[in-house]
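Values below: all heavy atoms of this structure, side chains included; hydrogens, waters and symmetry mates excluded. Per chain, numbering begins at 1; letters A, B, ... match sequence-line order.
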Amino acid sequence: QQQVKQSPQSLIVQKGGISIINCAYENTAFDYFPWYQQFPGKGPALLIAIRPDVSEKKEGRFTISFNKSAKQFSLHIMDSQPGDSATYFCAARRRIQGAQKLVFGQGTRLTINP
Amino acid sequence: NAGVTQTPKFQVLKTGQSMTLQCAQDMNHEYMSWYRQDPGMGLRLIHYSVGAGITDQGEVPNGYNVSRSTTEDFPLRLLSAAPSQTSVYFCATTQGHGYTFGSGTRLTVV
């Protein structure tokens with residue numbers, strides 16, 4: 001059972017275009033929604049994150065849009081560059097009895113064509 | 001300051017063999033966890049620890065053991081490797097919201 005569903009699996013965007021990756025969740029106990037960027041041979045690295053009481057967060061060319069009622073959130077990469085080519089994971093965190101668990105989406109392989 | 005160090009980077013095992021994946025951190029974080037990454041499935045939590053001496057199971061714990069005798073180290077043991085355990089394994093530490101991942105161990109079980 002995938003608690004966080006991510007789409008698309010792969011995405012090709014021209015340089016300068018907008019890349020959009022979508023995620024949906026069911027569990028309303030999630031309290032923190034990060035996005036991770038992963039380059040080949042490396043571990044995931046935190047890119048940007050949002051709390052559910054905020055509808056949008058922007059950091060440079062990266063924006064998270066969050067729709068609490070629809071239980072959906074998305075990553076927008078503006079002016080996409082070849083260096084953005086990587087795998088992106090959305091995630092959702094819930095706290096359980098003093099611990100925390102991060103649940104990941106399936107991942108999106110993004111390719112930016114020059 | 002190395003962050004999270006995982007060893008080895010690559011490993012090939014025969015079915016039934018055992019091995020330990022090492023994870024060490026120098027950030028003095030209490031919370032550590034192990035994930036496996038498989039194509040099309042994202043990262044799935046295997047085991048986690050909220051501090052030395054305390055461990056618990058994640059989503060996919062079967063076939064794996066962990067222990068946490070110090071804050072710095074959190075080894076993952078495969079007791080009897082199976083081809084289904086072929087995967088890339090990531091260790092992570094957590095402080096507040098931030099997760100710091102190691103660079104991973106690519107394991108192949110033949």
B:Gln95 atom CD, over 12 foreign heavy atoms within 6.0 Å
yes
Are A:Ile48 and A:Leu110 grouped together when hydrophobic residues (ILVMFWY) are joined by side-chain heavy atoms under 4.5 angstrom apart?
-> yes
All heavy atoms of B:Phe101 vs all of A:Pro44, minimum pair found to be CD1-O, 3.4 Å
Original post:
Do B:Ile46 and A:Val103 belong together in a cluster built from hydrophobic side chains that touch within less than 4.5 Å?
Top reply: no
Do other residues, nucleotides or ligands put more than 12 heavy atoms under 6.0 Å from A:Glu26 CD? no
Residues A:Lys101 and B:Tyr31: closest non-hydrogen pair is N-OH, 4.3 Å
* Asked: With the 4.5 Å side-chain cut-off for hydrophobic clustering, are A:Ile21 and A:Phe62 part of the same group?
  -> yes
Okay, B:Thr100 and chain A: the region with an atom under 4.5 Å from a heavy atom over there is neither
### Task
Could you check whether the rings of B:His97 and A:Tyr32 sit parallel, tilted or perpendicular, using 30° and 60° as the cut-offs?
parallel
Interatomic distance, OH@B:Tyr99 vs CG@A:Leu46, rounded to 0.5 Å, equals 11.5 Å
Turns out that what part of B:Leu43 lies under 4.5 Å from chain A's heavy atoms comes down to both
So, the part of A:Gln38 with a heavy atom under 4.5 Å from chain B: the answer is side chain
**Prompt:** Same hydrophobic cluster for B:Phe74 and B:Val4, using side-chain heavy-atom links shorter than 4.5 Å among ILVMFWY?
**Reply:** no
Would you sort out whether B:Tyr35 and A:Leu102 count as a side chain to side chain contact (heavy atoms under 4.5 Å, CB included), showing the intermediate values? CA-CA 10 Å; B:Tyr35 286 83; A:Leu102 202 58; 3.3 Å; yes
With the side chain counted from C-beta on, respond yes when A:Phe104 and B:Arg44 share a heavy-atom pair under 4.5 Å apart, and no when they do not. no
The interface call for B:Gln37 against chain A, heavy-atom contacts under 4.5 Å, is side chain
Check for me, please, whether A:Met78 and A:Val13 land in the same ILVMFWY cluster - side-chain distances under 4.5 Å, paths through other members count. no
When the 4.5 angstrom heavy-atom criterion is applied to A:Arg109 and chain B, the contacting part is neither
